[in-house]
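Computation of the quantities below employed the complete heavy-atom set of this structure, encompassing side-chain atoms and omitting hydrogens, waters and symmetry-equivalent molecules. Order of the sequence lines fixes the chain letters, A, B, ..., with proteins taken first and strands second; residue numbering starts at 1 for each chain.
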There are 2 protein chains.
Amino acid sequence: MAEKTKLWYLQNFNMFDGMSPKMMMELAENTSMQNNSKKEIIYFPEDASNTIYFLKAGKIKIYRLSEDGKTTTLQLLGPGEIFGESAILGQDTHDNIAEVVEDAIVCAMDKRDFQDLMEKSPNLTMSVNKFIGWRLRKIQAHVEDLVFKNASQRITSFLHRYVETFGKKMVDGWMVRPFLTHQEIADLTATARQTVNQVLNELAEQDVIKFSRRFLQLKGELDQLES
Amino acid sequence: MAEKTKLWYLQNFNMFDGMSPKMMMELAENTSMQNNSKKEIIYFPEDASNTIYFLKAGKIKIYRLSEDGKTTTLQLLGPGEIFGESAILGQDTHDNIAEVVEDAIVCAMDKRDFQDLMEKSPNLTMSVNKFIGWRLRKIQAHVEDLVFKNASQRITSFLHRYVETFGKKMVDGWMVRPFLTHQEIADLTATARQTVNQVLNELAEQDVIKFSRRFLQLKGELDQLES
DNA sequence: GTAGGACTGTCATATTGCTGACATGTTGGT
DNA sequence: ACCAACATGTCAGCAATATGACAGTCCTAC
């Protein structure tokens, strides 16, 4: 792929705000681009973490399996997000599974190259710190939700975040497409598939949302999904 | 306090391994030392996070309160741990409460000073990254526990970690002192006080542990507390 | 050394939400 | 256009664990 195109892609990442054009070129040179389609696994636990990934398009989920086959999804990532960060946090293997949820374009970079870049640019280092801080905050909030909220509150507040992150504002509410399967939502909220189904249908009955496999529509303001 | 003494204290932190003596002196100069006794609060949510803390002695818990007065403890920290790290992760307020569990000696450092130091020492920056990565891993494991394990497994595996972190190996097992209250364990494991009581007594009946308010004794190997 | 507060022990009861089972609906590949 | 695989909808029953109540015990600050 032409360096110019890569450059253009990379400019979508906040993390690289304020970096010199020269640095950006260097970044682009060291980046390889890949397309991954739905259900592809990008890494497994125990895989060597030599690479850091930038998600340009699509959605990726970061999740774990229990010994008896249950699943819990730690994060659902969209365009502009970074993953595989354990590579630059001093771990040599991954702990989680990274799987493509919606066909994705991913930029991959060797961790050494990225670390070299960080040494040259304190700016970048600070951005990385901020990014990690933000991750840490998000996962702490996740813990808080798990402990303090009940199943339907967790589902509702997940929908809130989902719409906020991935939705488009319309004249009379919000629209997200495509939607997720009930099982995917269950894995994200530590609930059972059947519970998700029930809560979703209740919300539809109360005329707060409308949904199908293809879309989720929120009628009115985001704070209707407050819990 | 004499700079020498501070220096000596600071050398207990892994994070500063490999730093030049000159750098260490600079670190010591910018650090202030404080004693905090049980139940003192070091910071609240919304407090400005201008300071990063190094825990030299004692125990600190990092926790959150829900609106209806429930508590969940995110971390229990002992000597050698860092807290208030949101200061250097680009946040200007804290999200959690930091409270002294056992009388503590804390080194405090202005975040600017620490950031200056980081800019001068790529070594330190890497250590910080590692430390944050480790935090991230610990909290992900916490989420996994919450989702996959039941109450008594969570309590048992907490005891495992507690003994491992804070205990002393004896001829025929492990000893930790002092112990925690049942409520504190409940807050750490997202369970009810009564459940902790029950599990603890069951383990004592099975002769795996022995405990009182003053100590926890594990009879035999750590993996007896596997779940 | 005592009183008040904090912590522990034990029970009975309530409830949330998971499990399994099964029918119905939807989709995409050949 | 069909069929297999996947996803949704619904329900009854059950298990885990929280809650509330209260008695007994220990601790510590006067």
Nearest-Å distance for atom pair CZ/C1', residues B:Phe211 and D:dT25: 14 Å
What nucleotide among C:dT27, C:dC18, C:dC11 has an atom nearest to a side-chain atom of A:Thr191? C:dC18
Determine: side-chain N/O of B:Thr181 to OP1/OP2 of C:dA6, distance under 4.0 Å, yes or no. no
Between A:Phe179 (CZ) and C:dT27 (C1'), how many Å, whole number? 18 Å
Measure CG/A:Leu200 against P/C:dG17 and give the value in whole Å, please. 16 Å
The residue, B:Lys39 or B:Gln198, whose nearest nucleotide of DNA chain C is more 5′ is B:Lys39
Could you verify whether a donor N or O on one side chain and an acceptor N or O on the other, from A:Gln140 and B:Asp95, lie under 3.5 Å apart? no
Look at all strands and tell whether A:Ala151 reaches a base, only sugar-phosphate, or nothing, counting heavy atoms closer than 4.0 Å. sugar-phosphate
Below the 4.0 Å mark, does D:dG9 have OP1 or OP2 next to a side-chain nitrogen or oxygen of A:Asn197? yes
For A:Glu40 and A:Ser37, test the side chains for any donor-to-acceptor distance below 3.5 angstrom and give the result as yes or no. yes
Can you find an N or O donor on one side and an acceptor on the other, under 3.5 Å apart, linking the side chain of B:Arg193 with the base of C:dG9? yes
Is the shortest side-chain N/O distance from A:Asn201 to OP1 or OP2 of D:dT10 below 4.0 Å? yes
Starting at CD1 of A:Ile209, measure out to CG of A:Leu218 and round the result to the nearest 0.5 Å. 8.0 Å
For A:Ile185 and D:dT8, give me the distance from atom CD1 to atom C1', rounded to whole Å. 12 Å
When rounded to whole Å, the CD to C1' distance for the pair A:Gln183 and D:dA5 reads 15 Å
Output the single nucleotide from D:dT19, C:dT10, D:dT25 whose closest atom is nearest the side chain of B:Arg213. D:dT25
Does the cation-pi check pass for B:Lys130 over B:Trp134, that is, NZ or CZ under 6.0 Å from the six-membered ring centre and within 45° of its axis? no
Nucleotide D:dA16, atom P - distance to CD of B:Glu202 in whole Å: 12 Å
Heavy atoms from C-beta onward define the side chain here; which of C:dT19, C:dT8, D:dT19 lies closest to that of B:Gln194? D:dT19
Hey, is the main chain of B:Leu222 close enough, under 3.5 Å, to the side chain of B:His160 for a donor-acceptor pair? yes
Would you say A:His182 reaches D:dT8's phosphate, i.e. side-chain N/O to OP1/OP2 under 4.0 Å? yes
Figure out the NZ/C1' separation between B:Lys38 and D:dA29, and round it to whole Å. 14 Å
Short side-chain N/O contact from B:Arg214 to OP1 or OP2 of D:dC27, under 4.0 Å: yes
Mind calculating the distance between CG (B:Leu216) and P (C:dT8) to the nearest angstrom? 13 Å
